[in-house]
Amino acid sequence: MRLVTRNGHDVTVSYPDLTTDLLAALATTETDAAVLDGEIVAVDPGGRPDFGLLQTRLRLTEPREVAAAVNKTPVQFMLFDLLGLEGIMAKRQDGRYSAGRRSRHWVKIKHFRTQEVVVGSWRPGKGNRSGTIGSLLLGVPTDGALRYVGRVGTEFADRDLASIHTSLKRLVRKTTPFSDIPPADAASAVWVRPSQVAEVKFAEWTATGRLRQPSW
């Protein structure tokens, strides 16, 4: 957690009370990282912002002085906007903020990337997908080989599953087309000739070169 002024000055050490409160608030959300836009204020006994009070907290860096100022002049952070790094927040202009719960007035729209992939296998479905596809195992051509990048099993329409299953059954082979698929992902896989190209959307690449949260 860092507190940075609009001029780019780091003032984190001056407001330990704010960093503690903000971290606690963010810990209750699904957000891994965020940028909060707002203003630090000190309020008078009537609850009104008082710049004179705030000035007593400005530019303090010595621990003892900061600790004394925290007790004498507590500050608040008036939040203007939440720049979620995963996407954007769409808000109704007349929508009120509902602390601690979801609201139809504030909707998170995630950023997604897209990637063309080669289908190298499918894993049989279970339950209501029994007899068809549970997930597709995907790869990206790299250095003359098909590098495994993960599997996708969401956002399929029923007609998509039926059509894809019919197409892939004609391409079944005995060996894996992937150069590096982990044994756990290879379990129960039905290998196919890697000739079908598809597109998926996903959140980001993982450190191990896998698609995070891919969907069809």
Side-chain angles (χ1 to χ4, degrees), residues 25-34 82 84-92 95 98-216:
L26 287 175
T28 65
T29 73
E30 298 177 358
T31 303
D32 292 327
L82 169 63
L85 300 183
E86 291 183 339
I88 60 173
M89 294 297 299
K91 299 175 288 188
R92 286 182 56 96
S98 302
R101 65 183 180 88
R102 294 182 182 276
S103 166
R104 289 179 300 171
H105 300 296
W106 289 43
V107 180
K108 180 169 71 172
I109 302 174
K110 286 191 173 183
H111 292 308
F112 283 106
R113 304 180 185 183
T114 60
Q115 173 68 43
E116 284 196 341
V117 290
V118 177
V119 179
S121 173
W122 87 80
R123 294 177 68 168
K126 299 178 182 178
N128 62 354
R129 286 195 185 179
S130 180
T132 181
I133 292 170
S135 61
L136 298 176
L137 279 63
L138 313 172
V140 172
T142 306
D143 298 328
L146 188 63
R147 179 174 62 85
Y148 179 68
V149 295
R151 53 195 175 99
V152 61
T154 60
E155 301 294 331
F156 290 100
D158 289 341
R159 64 176 181 272
D160 292 336
L161 289 172
S163 175
I164 295 168
H165 194 213
T166 298
S167 298
L168 293 182
K169 284 193 294 186
R170 305 190 190 106
L171 303 173
V172 172
R173 55 184 270 178
K174 294 182 178 180
T175 58
T176 176
F178 299 109
S179 60
D180 59 344
I181 187 168
D185 286 16
S188 75
V190 181
W191 310 117
V192 298
R193 188 167 75 247
S195 60
Q196 301 296 299
V197 176
E199 185 179 70
V200 293
K201 62 181 182 180
F202 66 106
E204 62 182 351
W205 289 102
T206 70
T208 57
R210 302 285 191 261
L211 300 168
R212 187 184 301 280
Q213 300 174 350
S215 57
W216 187 245

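Scope of the values below: all heavy atoms of this structure, side chains included, with no hydrogens, waters or symmetry mates. Just so we're clear, the structure is a prediction, and the values are computed from it rather than from any experiment.
Distance alone, capped at 3.5 Å, is enough to place a donor-acceptor pair between the Ser121 side chain and the Val190 backbone. Using modelled atom types, no side-chain atom of Thr208 and backbone atom of Thr206 make a donor-acceptor pair closer than 3.5 Å.
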Legend entry - Derivation of the side chain to side chain contact (heavy atoms under 4.5 Å, CB included) call for Trp191 and Val172: CA-CA 6 Å; Trp191 310 117; Val172 172; over 6 Å; no
Inset, instruction - Please lay out, stage by stage, how Ile164 and Phe156 fare under the test side chain to side chain contact (heavy atoms under 4.5 Å, CB included). - result: CA-CA 10 Å; Ile164 295 168; Phe156 290 100; 3.9 Å; yes
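Between Val117 and Phe202, the closest side-chain pair of non-hydrogen atoms is not below 4.5 Å. At least one side-chain heavy atom of Leu136 sits less than 4.5 Å from a side-chain heavy atom of Trp216. Using a 4.5 Å cut-off on side-chain heavy atoms (C-beta onward), Tyr148 and Arg210 make contact. Taking the side chain as every heavy atom from C-beta outward, Pro141 and Val118 approach each other to under 4.5 Å. Side chains of Thr132 and Trp122 form no contact here, defined as non-hydrogen atoms less than 4.5 Å apart. The side-chain heavy atoms of Arg104 and Ser98, taken from C-beta on, include no pair separated by under 4.5 Å.
The two atoms that bring Arg123 and Ala189 nearest to each other are CG-CA, 4.2 Å, heavy atoms only. Across all non-hydrogen atoms, the minimal contact from Ile133 to Arg129 is O-CD, 3.1 Å. The two residues Ser195 and Leu171 come nearest to each other via the heavy atoms OG-CD1, 3.5 Å. In terms of heavy-atom proximity, Ser179 sits nearest to Arg147 at OG-CA, 4.0 Å. Pairing each heavy atom of Leu146 with each of Pro194, the nearest pair is CD2-CB, 3.9 Å. In terms of heavy-atom proximity, Arg173 sits nearest to Arg193 at CD-N, 3.7 Å.
Between atom CD of residue Gln213 and atom NZ of residue Lys110 there is a gap of 4.5 Å, rounded to the nearest 0.5 Å. To the nearest 0.5 Å, atoms CZ (Arg212) and CZ (Arg113) are separated by 10.5 Å. Atom NZ of Lys91 sits about 14.0 Å away from atom NE2 of His105, to the nearest 0.5 Å. Atom CG of Leu211 sits about 6.5 Å away from atom CG of Leu138, to the nearest 0.5 Å.
Open room surrounds CD on Glu116; 12 or fewer heavy atoms of other groups in view lie less than 6.0 Å from it.
Applying the side-chain contact (heavy atoms from CB on, under 4.5 Å) test between Val200 and each of Thr154, Val152, Val149 identifies Val152 as the sole match.
A donor and an acceptor atom, one from each side chain of Ser103 and Arg101, are nowhere located under 3.5 Å apart.
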